[in-house]
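Quick caveat: nothing in here was measured; it's all calculated off a predicted structure. All heavy atoms count here, side chains included; hydrogens, waters and symmetry mates do not. Quick note on labels: first sequence line is chain A, next is B, and so on, each numbered from 1.
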Amino acid sequence: MTSKLLYRFIIKCEKNIDLHSTLFSGQSFRWILNPYDHSYSCNLIGTSPLLLKSISDHEIEVISSSMSIYGKPIEDFITSYFTLDIDINAVFPDDFHSIYPNLWEMVKGFRSVKVMRQDPFEIMVTFMCAQGIGMHLIRRQVEMIAERYGEKLVFESEHGPLTFYSFPTPSSLASAVVNELAVCTNNNRIRAANIISMARSFESGAMAIACVRSGECSLDALRDSLCVHSGIGMKIADCIALFGLGRFDAFPIDTHVKQYLWEWFGIEAAQRSLTEKNYRYLQDEARKILGNEFAGYAGHILFHCWRKEVRKMKAF
DNA sequence: CTCCAGGCAATTG
DNA sequence: CAATTGCATGGA
């Protein structure tokens with residue numbers, strides 16, 4: 001099936017946005033970098049492929065065969081997806097730079113990284129694949145899931161055909177077989193079964209309802225409704241809230257966050273293991289430093305800065 | 001060879 | 001409570 005790319009949009013951003021860092025900062029696992037022209041491409045659930053390219057620090061070129069995505073005009077979708085509506089100056093507390101001047105020198109260069117408002121179901125699946133393995137393997141799993149269970153679309157570009165796979169719908173994964181899905185999940189059958197079970201719940205309504213109400217309820221209540229499902233613990237529930245449900249107050253703590261809470265902020269409890277009690281305690285401590293409203297947004301910028309500047313991690 | 005990668009759940013002391 | 005173990009693979 002081949003169709004032509006028809007529509008071209010230029011999105012203007014008031015603030016600087018670094019597309020590459022944003023798309024490869026560890027929150028999105030399936031954007032592809034096109035080496036020919038340094039554009040980025042992805043095919044979301046039930047949409048036509050999306051091609052993005054930086055025109056300047058303040059402009060993004062968007063090419064799509066459709067005028068809208070998820071029922072929104074492209075401009076509105078991009079603004080929401082990349083949270084261009086969020087004022088970066090409101091993300092870190094006003095006194096942060098004066099309390100941590102040395103840290104701020106390093107962190108401020110990463111403020112163009114955006115936390116995105118991604119699709120809840122896609123985020124659930126991808127972060128359920130992110131347990132105890134490296135970023136490289138996580139990306140491979142998500143790519144394989146899309147190739148095997150998504151819809152194939154081929155577009156003709158000036159450089160030749162480009163093949164895309166949409167992210168699978170909930171019903172597509174709900175009807176998957178454990179042994180076949182496990183091929184895509186690092187041969188981990190437990191993980192595959194958990195994803196199938198979650199997809200069925202999403203399809204039948206329980207998870208969908210939790211998502212619809214996610215903006216109104218407390219963070220604790222939202223996390224509890226997500227943690228009901230096998231394979232979703234507190235960390236992944238917080239990731240779903242932050243990256244998939246636009247809850248920028250959610251503050252997931254993983255090995256990297258744990259490390260910088262000790263190294264940068266001297267929180268001694270961060271040296272101990274992440275038991276449930278300690279996890280909650282560390283979140284409270286983090287909110288004292290980063291505030292409540294954008295704790296997770298700021299935390300992700302710190303996460304990306306830690307991995308790249310301190311750990312010197314090269315992998316996406 | 002060992003250790004660690006964006007953990008979770010079940011078991012044991 | 002806290003600590004340990006199985007789940008799986010690959011790269012440093």
Side-chain angles (χ1 to χ4, degrees), chain A residues 21-31 110 113 115-116 118 122-145 178-198 201 223-244 247-248 250-264 268-283 286 295-316:
Chain A
S21 290
T22 299
L23 292 171
F24 298 109
S25 65
Q27 52 179 317
S28 168
F29 289 99
R30 56 186 307 268
W31 284 81
F110 289 84
V113 172
V115 171
M116 299 185 280
Q118 298 176 86
E122 178 180 329
I123 287 296
M124 287 182 197
V125 174
T126 59
F127 278 91
M128 287 174 79
C129 291
Q131 301 171 12
I133 53 178
M135 203 79 93
H136 176 70
L137 274 181
I138 299 169
R139 286 187 184 277
R140 195 181 73 176
Q141 290 177 79
V142 177
E143 283 169 17
M144 288 180 72
I145 289 173
V178 174
N179 287 346
E180 290 180 9
L181 182 57
V183 173
C184 309
T185 58
N186 217 25
N187 291 322
N188 189 325
R189 293 156 178 270
I190 296 173
R191 179 175 300 162
N194 285 338
I195 289 172
I196 292 169
S197 165
M198 186 280 293
S201 173
R223 185 162 62 190
D224 288 346
S225 68
L226 295 172
C227 283
V228 165
H229 297 266
S230 184
I232 300 179
M234 289 199 296
K235 187 269 175 180
I236 290 182
D238 285 332
C239 284
I240 294 168
L242 176 62
F243 300 122
R247 287 297 297 254
F248 305 131
F251 189 84
I253 301 175
D254 57 40
T255 58
H256 298 287
V257 175
K258 182 173 176 291
Q259 287 166 27
Y260 79 59
L261 287 178
W262 163 242
E263 293 285 340
W264 283 347
E268 298 204 9
Q271 292 183 108
R272 294 191 280 111
S273 65
L274 278 177
T275 61
E276 179 173 342
K277 187 181 176 183
N278 198 27
Y279 187 96
R280 292 179 189 278
Y281 172 77
L282 289 174
Q283 283 193 324
Y297 207 115
H300 183 69
I301 290 173
L302 293 174
F303 165 90
H304 192 51
C305 179
W306 172 262
R307 284 176 58 100
K308 293 200 73 168
E309 292 296 312
V310 180
R311 298 294 305 277
K312 307 291 184 189
M313 297 182 84
K314 191 177 159 190
F316 291 146

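Aromatic pair A:H300/A:F243: centroids less than 6.0 angstrom apart.
Atom CD1 of A:I232 and atom CG of A:D238 lie 11.5 Å apart (nearest 0.5 Å). With values rounded to the nearest 0.5 angstrom, A:F29 atom CZ is found 4.5 Å from A:F127 atom CZ.
Candidate nucleotides B:dA5, B:dG6, B:dG7 were compared by shortest atom distance to the side chain of A:Q259, and B:dA5 ranks first. Between C:dC1, B:dG6, C:dA8, one nucleotide has an atom nearer to the side chain of A:K277 than all others, and that is C:dC1. Of the candidate nucleotides C:dG10, C:dA2, B:dG6, C:dG10 has the atom lying nearest to any side-chain atom of A:R140.
Between the CG atom of A:N186 and the P atom of B:dA5 there is a distance of 16 Å, given to the nearest Å. Following rounding to the nearest Å, A:I133 (CD1) and B:dC8 (C1') show an atom-to-atom distance of 13 Å. Residue A:R311 contributes atom CZ, which lies 14 Å from atom C1' of C:dG11 at whole-angstrom precision. Taking atom CG of A:D254 as the reference point, atom P of B:dG7 lies 6 Å away to the nearest angstrom. A straight line from CG of A:N194 to C1' of B:dA10 spans 13 Å, rounded to a whole angstrom. Nucleotide C:dG6 holds its C1' atom 7 Å from the CD1 atom of A:I190, rounded to whole Å. Remark: P of B:dC8 and NZ of A:K258 are 14 Å apart, rounded to the nearest angstrom. Here B:dG6 presents its C1' atom at 7 Å from CZ of A:F29, a figure rounded to the nearest Å.
Applying the 4.0 Å criterion to OP1 and OP2 of B:dG6, one finds that A:T255 has every side-chain N and O outside that range.
If you check every strand for non-hydrogen atoms under 4.0 Å, A:I138 touches nothing.
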Taking it one step at a time, do A:Q259 and A:W306 satisfy side chain to side chain donor-acceptor pair (under 3.5 Å)? CA-CA 9 Å; A:Q259 287 166 27; A:W306 172 262; 3.3 Å; yes

